[in-house]
Amino acid sequence: MEIAPVASQRLYQQVADRLQSLLSSGELAVGDRLPPEKELAARLRVSRPTVREALIALEIAGFIETRTGAGTYVRNLEGTRSRAMDIDHAAGPLELAKARFMIEGEVAASAATNATAGDLDAIQKSILTMEEATVKRFNTHPSDLSFHCCIAIAAKNEILVDIVNQLWTGMFSPMFHRTSEHIHSRKYQEETLRDHKAIFAAIAGKNPSAARSAMHTHLRKIQLLLIDEERRSKATKPARRSVIL
């Protein structure tokens, strides 16, 4: 079954809607295990990251739950028709990561040209705050946001500041938050900190090319985490019933 593109709806939303229709039609019952992501992707003719985003949207809406090492199961069917609008309609995490890669590399390059001493102090302060949070195992999201926003401010373009803020609004969405939980993002905090220091060094050194490259290296890692097809434990428990999608 191939899903035709719909201009007003993202692909992961189309997949989520198709899976949700199975829930409301009775083809799936509470307690049933869904096929693995790889199988769903093949049947729906979409990528595994798209299936993953669709499942996360359904999980946020309360229709399914992912059990570590056991697979994804139907959690609740009550009100599936009336709750159709509960599915997250924010930008998908992979779409957001790609946009950040396209934009924030140029923001970093511009910051390397335009940053003042005050801007550099602000960027460095955000790194020190993140370093302290990492050591104390605190949430590093606020200091991560501060780092990228300080770079946008250093670029000396208010439109770029607004764009980076908008991108980071997506980073706080339920979709991205749940995805970060699945990929165990906390264990990458120290590596992120090293990336930030490399980006800062290039900006402080007034090297636009190096700043762009360092930012791209940093953001590419996020993309790779999101498309990593082996990141989740393989389900080993058999499904209670045969499911045909």
Side-chain angles (χ1 to χ4, degrees), residues 1-77 80-81 83-101 170-171 173-185 219-245:
M1 96 196 55
E2 187 168 6
I3 301 176
V6 178
S8 61
Q9 194 178 42
R10 292 181 170 89
L11 186 56
Y12 86 84
Q13 295 165 3
Q14 298 173 47
V15 174
D17 286 346
R18 173 56 183 159
L19 293 173
Q20 190 181 33
S21 70
L22 295 177
L23 299 180
S24 61
S25 69
E27 292 186 55
L28 293 171
V30 172
D32 283 347
R33 180 171 66 83
L34 274 66
E37 288 178 2
K38 184 177 181 179
E39 184 177 340
L40 287 172
R43 293 184 182 186
L44 297 171
R45 299 183 184 180
V46 295
S47 68
R48 284 183 66 176
T50 297
V51 169
R52 189 172 305 139
E53 290 178 347
L55 293 176
I56 290 171
L58 289 171
E59 188 175 3
I60 291 172
F63 299 131
I64 62 176
E65 63 177 335
T66 300
R67 304 172 188 171
T68 303
T72 302
Y73 289 78
V74 179
R75 177 186 179 189
N76 184 13
L77 292 175
T80 50
R81 293 182 184 277
R83 293 172 63 203
M85 294 305 294
D86 286 350
I87 291 181
D88 199 323
H89 285 72
L94 187 57
E95 182 182 14
L96 180 61
K98 289 179 178 178
R100 289 189 62 198
F101 184 89
M171 296 286 287
S173 72
M175 276 287 293
F176 206 101
H177 176 71
R178 189 62 59 89
T179 303
S180 296
E181 288 181 344
H182 282 312
I183 63 177
H184 309 295
S185 63
L219 296 178
R220 188 177 290 111
K221 292 175 184 177
I222 297 176
Q223 291 188 48
L224 291 175
L225 287 174
L226 294 173
I227 65 176
D228 178 11
E229 297 186 341
E230 302 301 326
R231 63 168 176 79
R232 296 174 75 176
S233 301
K234 294 182 179 179
T236 57
K237 296 182 180 180
R240 285 173 45 185
R241 57 184 287 199
S242 175
V243 177
I244 301 176
L245 298 180

Least distance between heavy atoms, [X] atom then [Y] atom:
X: Val15; Y: Ala54; value: CG1-CB, 3.6 Å
X: Gly71; Y: Arg33; value: CA-CD, 4.3 Å
X: Leu44; Y: Arg18; value: CD2-CG, 4.1 Å
X: Leu55; Y: Ile64; value: O-CD1, 3.3 Å

So, taking the atom named [atom1] in [X] and the one named [atom2] in [Y], what distance separates them when rounded to the nearest 0.5 Å?
X: Tyr12; Y: Ile56; atom1: OH; atom2: CD1; result: 10.0 Å
X: Leu34; Y: Glu65; atom1: CG; atom2: CD; result: 11.5 Å
X: Gln20; Y: Phe63; atom1: CD; atom2: CZ; result: 4.5 Å
X: Glu95; Y: Thr50; atom1: CD; atom2: OG1; result: 10.0 Å
X: Thr72; Y: Asp32; atom1: OG1; atom2: CG; result: 12.5 Å
X: Ile222; Y: Arg100; atom1: CD1; atom2: CZ; result: 4.5 Å

I'd like to check the side chain to side chain contact (heavy atoms under 4.5 Å, CB included) partners of Lys38; sequence neighbours left out, ordered by chain and number.
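Checked Lys38 against side chain to side chain contact (heavy atoms under 4.5 Å, CB included); matches are Arg48.
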
